[in-house]
Amino acid sequence: MTLRLYDSLRRSVHDVEPLVPGRLGLYVCGPTVYGPIHVGNARPFVVAQTLARHLRRTGWEVRVVSNLTDINDKIYAAAQAEGIASVALAERESARYLDDTSRLGLGRPDVEPKVTDALPEIIAMIEGLIAGGHAYAADGDVYFRVADFPSYGALSGQRIDEMQPEEITSKKQAPLDFALWKAQKPGEDAAWESPWGLGRPGWHIECSAMAMSALGEEIDIHGGGIDLKFPHHENERAQSESITGRPFARTWLHNGMLRFGGDKMSKSLGNVDRLADALDREGAETLLSLFARAHYRSPLDYSPASLEDARKSNDRLREALRRAARVAGTTAPAAAGPLAATAAAVDARFRAALDDDFATPEALAALFELVRTLNAALDAGPADPADVAQARAVLVDCLDVLGLAGLAATADGPPAAAVALLQEREAARAARDFARADAIRDELQALGWVVQDLADGPELQPA
RNA sequence: GGCGACGUGGCCGAGUGGCUAGGCAGCGGCCUGCAAAGCCGUCCACACCAGUUCGAUUCUGGUCGUCGCCUCCA
């Protein structure tokens with residue numbers, strides 16, 4: 001099966017043709033670390049990590065690179081507001097970003113470069129741009145000459161003559177020119193040496209430099225939020241292609257925005273839910289399920305109702321896995337029954353859906369088909385344990401791609417007190433004292449355990 | 001104002017020129033002491049107006065509306 005992805009530059013879905021057969025390099029723009037990230041910021045991370053999991057499962061060798069921008073105007077501002085050194089603030093927020101995203105349980109990108117570690121590459125690239133006539137130094141600053149890059153605007157669909165840029169700053173030669181290097185300004189407590197004096201890189205150059213450094217001059221896939229398309233990715237493209245004369249990214253991958261209360265979730269609007277808070281409240285699985293429910297390019301509604309839906313669909317998956325585990329035992333996967341056949345078909349459909357522009361909703365639908373078939377088989381009577389084990393294995397395997405394998409985890413058993421109550425309830429039921437039995441069920445509920453009377457006896461599950 | 005995306009059933013959310021998306025919720029049934037879980041059946045669609053077509057939710061044009069970008073932004 002061929003991997004197909006939507007390329008923002010070509011504005012269509014196309015077959016992915018890797019630079020090296022069997023291998024894919026993926027660069028995703030990470031955060032500027034000036035404060036805690038919100039749930040929306042997590043979307044590109046989740047898309048990249050889950051896409052990589054799918055690709056690895058289907059035989060690709062994948063290298064994910066995602067940067068931390070730890071030099072930026074906002075970092076100076078935030079540090080000043082707190083009265084601490086900007087370097088200290090960036091380090092603290094970098095660590096916090098790594099902690100927060102790690103809690104999603106999707107692992108880490110293979111490489112996570114920081115701007116502060118990439119100054120030599122950045123400076124070399126700026127020198128190259130100046131040498132090639134694509135950029136010019138001006139009194140400690142360096143600017144990229146946009147007029148020098150004919151296809152500027154092609155990625156974002158902006159036309160240079162239609163753009164209404166801010167008024168020209170004194171050192172720029174043209175309004176659209178953007179900074180590659182900025183001279184240190186008063187109040188900025190950190191600066192780096194360069195051929196143009198003390199200063200720091202502009203916003204866009206670091207991604208070009210770090211992407212090339214980690215993945216080469218041409219990269220397979222470059223991703224990020226769609227709000228980065230302009231100017232960030234447009235500028236990255238201009239810089240990179242000016243210096244190499246080759247396409248920078250073979251596929252530009254952009255995820256849609258998270259909507260919160262009808263608007264894009266963003267720090268500037270203030271309608272944010274911090275990722276750490278959301279993880280505390282909802283847990284990683286609910287958030288990951290929510291992300292998977294919508295196609296990565298679509299806007300995604302983040303609301304109590306959508307979280308509730310995500311939680312409940314996880315419950316359904318968890319319940320099916322639990323039922324299957326009771327029957328499956330430790331049977332070796334040598335199954336060939338009808339359920340195993342369905343499982344195989346669903347696995348194929350799951351992979352095909354993700355290969356087709358990473359259609360997680362369709363992939364999820366395939367899994368629910370297997371859930372329904374599995375439940376029906378379990379309802380129908382004694383099921384072949386090997387078949388059930390096979391179906392369960394496929395479910396777990398597929399869910400793992402989405403970071404949801406934890407739904408198969410067996411919870412810690414109930415405490416002795418709860419077990420005792422359950423036994424008491426069984427005695428009451430045997431005596432047909434249903435009032436007593438129901439009262440005990442309420443007590444168990446209060447302890448956090450739900451009773452289910454199954455065909456082969458009662459079972460306690462975490463509420 | 002410019003560029004782009006999109007408008008699907010009670011809600012969320014896929015998809016397709018004629019053939020079941022899926023989840024949640026509702027209704028009926030089975031199972032159950034009851035409940036939960038599950039299964040079966042079922043109601044509720046493709047913003048509006050034209051056009052193309054044997055046939056459009058699916059293509060074309062227009063209208064209205066929503067969202068994103070054009071400034072920091074995942």
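Naming: A, B, ... by sequence-line order, numbering from 1 per chain. Heavy atoms only: backbone and side chains are in, while hydrogens, waters and symmetry mates are out.
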| query | Taking everything shown except R349(A) itself, do over 12 heavy atoms lie less than 6.0 Å from its CZ? | reply | yes
| Whole-Å P distance, C54(B) and G2(B) | 38 Å
| Residue whose closest nucleotide on RNA chain B lies nearer the 5' end, L228(A) versus S306(A) | S306(A)
| remark: Closest to the side chain of R11(A), out of G4(B), A74(B), G68(B), is G4(B)
| said: Given C69(B), G38(B), A36(B), identify the nucleotide with an atom nearest to the side chain of F230(A). | reply: C69(B)
| note | Re C27(B): Watson-Crick or G-U wobble partner, both distances kept under 3.5 Å, found to be G41(B)
| note | Winner on side-chain proximity to A437(A), out of C39(B), A74(B), G33(B), is G33(B)
| Minimum-distance nucleotide to D453(A) side chain [options: C72(B), A35(B), G2(B)] | A35(B)
| task | Quote, to the nearest angstrom, the C1' distance that separates G55(B) from U63(B). | result | 25 Å
| request: Once you apply the 3.5 Å cut-off to both distances, tell me the Watson-Crick or G-U wobble partner of C67(B), or none. | output: G4(B)
| request: Could you measure between the two C1' atoms, the one in G10(B) and the one in C64(B), and give it in whole Å? | output: 24 Å
| Quick one: E319(A) CD to A37(B) C1', roughly how many Å, whole number? | 5 Å
| Does R323(A) make a side-chain donor-acceptor contact with the base of G38(B), cut-off 3.5 Å? | no
| query | Which heavy atom of E285(A) sits nearest a heavy atom of N314(A), and at what distance? | reply | O-ND2, 3.0 Å
Might you list the N or O atoms of the protein lying below 3.5 Å from N or O atoms in nucleotides 21-28 of chain B, with each pair's distance?
residue: G23(B); atom: N2; partner: D309(A); partner atom: OD2; Å: 2.7
residue: C24(B); atom: O2'; partner: D309(A); partner atom: OD1; Å: 3.4

| request: Please determine if D73(A) and R200(A) form a salt bridge, counting it only when a charged side-chain N lies under 4.0 Å from a carboxylate O. | output: yes
| said: Under 4.0 Å between a side-chain nitrogen and a carboxylate oxygen: does that hold for R96(A) and E91(A)? | reply: no
| field | Check: D70(A) side chain, V115(A) main-chain N or O, donor-acceptor pair, under 3.5 Å | value | yes
| note | Smallest heavy-atom separation, F45(A) atom then G107(A) atom, equals CZ-O, 3.6 Å
| Do S313(A) and R293(A) have side-chain atoms, one donor and one acceptor, less than 3.5 Å apart? | no
| request: Indicate yes or no: does D379(A) engage R323(A) in a salt bridge with an N to O separation below 4.0 Å. | output: yes
| field | For U58(B), the Watson-Crick or wobble partner whose two distances fall under 3.5 Å | value | none
| So what does G224(A) hit on the nucleic acid, given a heavy-atom distance under 4.0 Å: a base, only sugar-phosphate, or nothing? | sugar-phosphate
| query | Using the C1' atom in both, what is the distance from U66(B) to C27(B), to the nearest Å? | reply | 33 Å
| query | Would you call R4(A) and D15(A) a salt bridge, taking side-chain N to carboxylate O under 4.0 Å as the test? | reply | yes
| task | Provide, to the nearest angstrom, the distance between the CD1 atom belonging to I226(A) and the C1' atom belonging to C6(B). | result | 11 Å
| task | Quick one: label L269(A) by what it contacts on the DNA or RNA (base, sugar-phosphate, nothing), any heavy atom closer than 4.0 Å. | result | nothing
| task | Measure from CG on N271(A) to P on A74(B) and round the result to the nearest Å. | result | 13 Å
| Which part of the nucleic acid does V451(A) contact within heavy-atom distance under 4.0 Å: base, sugar-phosphate only, or nothing? | base
| field | Interatomic distance, H38(A) NE2 vs A74(B) P [rounded to whole Å] | value | 7 Å
| query | If we take the C1' atom in both U53(B) and G29(B), what is their distance in whole Å? | reply | 43 Å
| field | Minimum heavy-atom distance between L421(A) and E443(A), given as atom pair plus value | value | CD2-OE1, 3.6 Å
| field | Between C1' of C11(B) and CG of L307(A), the distance in whole Å | value | 14 Å
| field | Closest nucleotide among A74(B), G13(B), G33(B) to the N255(A) side chain | value | A74(B)
| task | Describe the nucleic acid contact of G262(A) in one word from base, sugar-phosphate, nothing, applying a heavy-atom distance below 4.0 Å. | result | sugar-phosphate
| Could you give the CZ-to-C1' distance, from R297(A) to A14(B), as a whole number of Å? | 13 Å
| Under 4.0 Å between a side-chain N or O of K229(A) and OP1 or OP2 of A74(B)? | no
| Reckon R425(A) touches a base, only the sugar-phosphate, or nothing at all at heavy-atom distances under 4.0 Å? | base
| request: Report the distance from atom CG of L317(A) to atom P of G38(B), rounded to the nearest whole Å. | output: 10 Å
| task | Using a strict 4.0 Å threshold on nitrogen-to-oxygen distance, state whether R441(A) and D438(A) make a salt bridge. | result | yes
| query | When we call it a touch if two heavy atoms are under 4.0 Å apart, what does H232(A) touch: a base, just sugar-phosphate, or nothing? | reply | nothing
| message | For a quick check of understanding: with a heavy-atom distance under 4.0 Å over all strands, which category does A305(A) fall into, base, sugar-phosphate or nothing? | response | nothing
| query | Using a cut-off of 4.0 Å on non-hydrogen atoms, how would the nucleic acid contact of Q452(A) be classed: base, sugar-phosphate, or nothing? | reply | base
| Of all the nucleotides listed (A36(B), C39(B), C34(B)), which has the minimum atom distance to the side chain of L454(A)? | A36(B)
| said: Among G33(B), A74(B), C12(B), which nucleotide has an atom closest to any side-chain atom of R432(A)? | reply: G33(B)
| query | With a non-hydrogen cut-off below 4.0 angstrom, is S303(A) in contact with a base, only sugar-phosphate, or nothing? | reply | nothing
| request: Classify the nucleic acid contact of R322(A) as base, sugar-phosphate or nothing, counting any heavy atom under 4.0 Å across all strands shown. | output: nothing
| task | Establish, with yes or no, whether the OP1 or OP2 oxygen of C70(B) is under 4.0 angstrom from a side-chain nitrogen or oxygen of S156(A). | result | no
| How far, in whole Å, is A25(B) from C31(B) if one measures between their P atoms? | 22 Å
| query | With no angle test and no hydrogens, is the base of A35(B) tied to the side chain of R441(A) by a donor-acceptor pair under 3.5 Å? | reply | yes
| query | Which value, in whole Å, describes the distance between the P atoms of nucleotides C24(B) and A74(B)? | reply | 34 Å
| Is the distance from OP1 or OP2 of A74(B) to the nearest side-chain N or O of N41(A) less than 4.0 Å? | yes
| query | Using purine N1 to pyrimidine N3 plus N6-O4 or O6-N4 for Watson-Crick, or N1-O2 and O6-N3 for G-U wobble, both under 3.5 Å, which nucleotide pairs with C46(B)? | reply | none
| For the pair made of CG in L444(A) and P in C34(B), what is the distance, rounded to whole Å? | 20 Å
| message | So D301(A), base contact, sugar-phosphate only, or nothing? Heavy-atom distance under 4.0 Å. | response | sugar-phosphate
| task | Quote, to the nearest angstrom, the C1' distance that separates U20(B) from U8(B). | result | 16 Å
| Electrostatic pair R281(A)-D273(A), nearest N-O below 4.0 angstrom | yes
